[in-house]
There are 2 protein chains.
Amino acid sequence: MVTKPRQYQLIYESLKRQLVEGIYPKGSLLPSENELSVTFQTTRMTVRQALTELVREGFIERRHGKGSIVRSERQALGLLSFQGFSEVVGNNHVVRTEFLAPLTLMSWPTDFFYNLTDTERNLDCLFLHRLRYADNNPIMLEHTFVPDIGLDSLQADGLLDGSLFRTLSNRYQLDIRNMEQRLRAVKATIEQAHLFGCTKNTPLLYIERRYLTNRPNLNVYSRLFCFTDHYAISGGL
Amino acid sequence: MVTKPRQYQLIYESLKRQLVEGIYPKGSLLPSENELSVTFQTTRMTVRQALTELVREGFIERRHGKGSIVRSERQALGLLSFQGFSEVVGNNHVVRTEFLAPLTLMSWPTDFFYNLTDTERNLDCLFLHRLRYADNNPIMLEHTFVPDIGLDSLQADGLLDGSLFRTLSNRYQLDIRNMEQRLRAVKATIEQAHLFGCTKNTPLLYIERRYLTNRPNLNVYSRLFCFTDHYAISGGL
DNA sequence: CTCGCTAACTTGTCTATACAAGTATCACTT
DNA sequence: AAGTGATACTTGTATAGACAAGTTAGCGAG
């Protein structure tokens, strides 16, 4: 059962597609809310909901009395918005993900970096160990932990396109609703240095994340090590 | 001329005040949107606008069919939302800001970390050099650059309460509309190590920020060095 | 007692409209 | 030429409803 797309979602996706395709030059104005509400056969409030989302993701900027201005700079890697790697980065950089270990089903680590809920503790844990590249440079080492709610065919069907969250949403109706994260700077271990092609003790950006889903007490957890010497990590809002 | 507060702003501030005062226990539910619209003599849509802002700042979380759930964990220092230090951190931690140098008016550094607009290049630059503490531990070294639009009495009147942005908004009608940032991990210099009480080459979280304001081509810039060994930096959404 | 359905809540989405307020343009006045 | 003001745009805020859809508690049938 695929969830029926909402109207504002359709508008959002339509505009976003045009934005990433570069239909609108940077700095130009989108059609006004009134024009959009006519072309999409809906009301201004619904259009505004779509535009608000585009603002939140940094695609456009709005000025009272002026209009919606196309930003689309995205000079660095964006991952502070919660889409995930392939969603946000894809526009300006060639992205690739490498599995450092096969997908494994295991029990939760004893000293986990977040407090698990009871629901999660009673489940097994699916572990993904991935190294992510931008423009063929290793950038991000990611440990992802997903509570096992019968995700049997996860690797087979959907993960090949690189988007874990889209797969979870489409195949298992597990939607990410929210994200929270803690940031630190740490020293690279010798193993990490090897992966990134840097020296031991090089500073890495370390991020612990909890993705809240539509199922109560079910979260997806991630631990990221980012090598930022050549690429900064960008965020916004 | 003080801008007249909007209705949803009043609702937002009222709820936020109650939240930081701890009226609602963590995990409990706020009054429903219908109840709130009655007590505030307005409509659901207006209440929703206030609630949406509280969600964006991480105070509450909303569940379809359930209600608005009070989060207010804020276990770490939050600075990825764009309010600024004193706004976000204040609840759980005792915050203090120390000026490492007097407020100085100067021209822009030649190798600035963002590309300046022409408008900005033609102005002088106000420089703030501050060290910020949480619970009496030095946490964040901040270099802030504000284009000088006649901010003569900045230090005298408003900065004593520690909130630069509130001062800029109240006294000079310069409102922050948006923020974008780039994150890196870097090594502490010997001077920084001295300030934070750590050793040279300790990894620091380095953040470059541009705050977009309501005046076109006028931004506020900040460079942050965060010592994250004892306090993580938290963000969300 | 347990299961399943219903009823009464909740938030999510959407319509249709109105006025406030910021922006840009252009004709007109000085 | 420079400034003024009207005007026609834009987005921001707000009203007053409607139905969809998720959640929960309780009632009744088994």
Whether each nucleotide of nucleotides 3-9 of chain D has a protein heavy atom under 4.0 Å at its base (B), only at its sugar-phosphate (S) or at neither (-) is summarised, 5' to 3', as -------
Between CD of A:Gln9 and P of C:dC14 the distance, given in whole Å, is 9 Å
Side-chain contact check for B:Arg44: nearest option of D:dT15, D:dT13, D:dA18 is D:dA18
Side-chain atoms of B:Thr43 come closest, of D:dT11, D:dA16, C:dT11, to D:dA16
Hey, does the side chain of A:Thr46 come within less than 4.0 Å of C:dT15's phosphate (OP1/OP2), counting only N and O? yes
For B:Phe113 and B:Tyr221, take the angle between the two ring planes, folded into 0 to 90°, and tell me which bin it lands in: parallel under 30, tilted 30 to 60, perpendicular over 60. perpendicular
A:Ser222: which residues meet the side-chain contact (heavy atoms from CB on, under 4.5 Å) condition with it, sequence neighbours left out? A:Glu142, A:Thr144, A:Arg209, A:Tyr211, A:Leu224
For A:Glu53 and C:dT13, give me the distance from atom CD to atom C1', rounded to whole Å. 15 Å
So if I take every side-chain heavy atom of A:Met45 and compare against C:dT10, D:dT23, C:dT17, which nucleotide ends up nearest? C:dT17
Measuring to OP1 and OP2 of C:dT23, would you say a side-chain N or O of A:Arg63 lies under 4.0 angstrom away? no
Nearest-Å distance for atom pair CZ/C1', residues B:Arg62 and C:dT13: 12 Å
Closest-nucleotide 5' rank along DNA chain C - winner of A:Gln7 and A:Lys66: A:Gln7
Rounded distance (Å) that lies between atom C1' of D:dT15 and atom CZ of B:Phe40: 17 Å
For B:Arg44 and B:Ser37, the nearest pair of non-hydrogen atoms, with its separation, is N-CB, 3.9 Å
Rounded to whole Å, CD of B:Glu33 lies from P of C:dA8 at a distance of 21 Å
What are the two closest heavy atoms between A:Cys125 and A:Ser107, and how far apart are they? CB-C, 4.3 Å
Would you kindly give the CD-to-C1' distance between A:Glu61 and D:dT11, to the nearest whole Å? 13 Å
Could you tell me which residues satisfy side-chain contact (heavy atoms from CB on, under 4.5 Å) with B:Thr117, sequence neighbours excluded, listed by chain and number? B:Thr119, B:Glu120, B:Asn217, B:Asn219
A:Gln41 side chain N/O closer than 4.0 Å to the phosphate oxygens (OP1, OP2) of C:dT15? no
Starting at atom OH of B:Tyr8, determine the distance to atom C1' of D:dT15, rounded to an integer number of angstrom. 16 Å
Geometric cation-pi criterion A:Arg182 and A:Tyr114, 6.0 Å radius, 45° cone: yes
By nearest atom, which of the nucleotides C:dT15, C:dT13, D:dT10 is closest to the A:Gln49 side chain? C:dT13
So, B:Glu53 and B:Arg56, do they make that salt bridge, N to O below 4.0 Å? yes
Spatial distance of atom CG (A:Leu54) from atom CZ (A:Arg62) [nearest 0.5 Å]: 9.0 Å
A:Arg6 has a side chain; which of C:dT13, D:dT11, C:dT11 sits nearest to it? C:dT13
Within less than 4.0 Å of OP1 or OP2 of C:dT11, is there a side-chain N or O belonging to B:Arg48? no
Interatomic distance, B:Leu51 CG vs C:dT11 P [rounded to whole Å]: 8 Å
